[in-house]
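For reference, positions follow the sequence shown, starting with 1.
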Amino acid sequence: QVQLVESGGGLVQPGGSLRLSCAASGRTFSPNAMAWFRQAPGKEREFVTVINWSGTSTDYAASVKGRFTISRDNAKKTVYLQMNSLKPEDTAVYYCAAGGKYSFSALAYDSWGQGTQVTVST
């Protein structure tokens, strides 16, 4: 079982940037895919972005494409989410997930972090 811990959330003004990190621990760490999801108050959890094991394949939700970048460092067992040009609608709890299948669906991931709050507001 992989344990995931997110960090880097906080309060930022519209147009600002944040970098989230997700550190993994556990005896084995070889998920085929790692992803970020987010959940805003009163809304369902939604897909943000995914990256494969080698980092050669990534996908993004249309709402964040061109503004967010996912990357990973397997040696450090860490995945990152660089978020630029943040908007108030990006406000949510962001969750890191790891799984054996490259997917946009939360059902494909069996390890989840506890989440980190991102608030975009003046």
task = Say whether, by atom type as modelled, one donor and one acceptor occur between the side chain of Thr49 and the main chain of Asp59 under 3.5 angstrom.
result = yes

note = Here the pair of heavy atoms bringing Arg45 nearest to Phe37 is CG-CB, 3.8 Å

ask   = Would a 4.5 Å heavy-atom cut-off, applied to side chains only, mark Trp36 and Glu6 as touching?
value = yes

key: Path from Val12 to Tyr80 over hydrophobic side-chain contacts below 4.5 Å   = no

inquiry  = Is it the case that atom CD in Glu89 sees more than 12 heavy atoms from other parts of the structure closer than 6.0 Å?
reply    = yes

key: Side-chain donor-acceptor contact under 3.5 Å, Ser54 with Thr56   = yes

note = Closest non-hydrogen atoms of Arg72 and Asn32, given as atom of the first, atom of the second and distance, are NH1-O, 4.3 Å

note = Of all heavy-atom pairs linking Val79 and Cys96, the shortest is CG1-SG, 3.7 Å

task = Keeping the roles fixed (side chain from Gln82, backbone from Phe68), state whether a donor-acceptor pair exists under 3.5 Å.
result = no

query = Judged by modelled atom types alone, do Ser57 and Tyr102 share a side-chain donor-acceptor pair under 3.5 Å?
reply = yes

query = Do side-chain atoms of Gln39 reach the backbone of Ala92 as a donor and acceptor pair under 3.5 angstrom?
reply = no

task = Give a yes-or-no answer on whether the side chains of Ser17 and Asn84 include a donor-acceptor pair shorter than 3.5 Å.
result = yes

inquiry  = Restricting to non-hydrogen atoms, name the atom on Ala33 and the atom on Val50 that form the minimum distance, rounded to 0.1 Å.
reply    = CB-CG2, 4.0 Å

query = Which heavy atom of Gln117 sits nearest a heavy atom of Thr91, and at what distance?
reply = NE2-CG2, 4.0 Å

key: With sequence neighbours excluded, residues passing ring-ring contact (aromatic ring centres under 6.0 Å, His included) with Tyr94   = none

query = With the 4.5 Å side-chain cut-off for hydrophobic clustering, are Val64 and Tyr109 part of the same group?
reply = no

message = Tell me whether Ile70 shares a hydrophobic cluster with Leu86, the cluster being built from Ile, Leu, Val, Met, Phe, Trp, Tyr side chains joined at under 4.5 Å.
response = yes

key: Main-chain N/O of Lys76 paired with Asp73 side-chain donor or acceptor, under 3.5 Å   = yes

request  = Using the rule that two of Ile, Leu, Val, Met, Phe, Trp, Tyr join whenever any of their side-chain heavy atoms come within less than 4.5 Å, decide whether Val48 and Trp112 are in one cluster.
outcome  = no

task = Would you please classify the geometry between the Phe47 ring and the Phe104 ring as parallel, tilted or perpendicular, with 30° and 60° separating the classes?
result = parallel

Atom of Ala24, atom of Leu4 and distance for their closest heavy-atom approach = CB-CD2, 3.6 Å

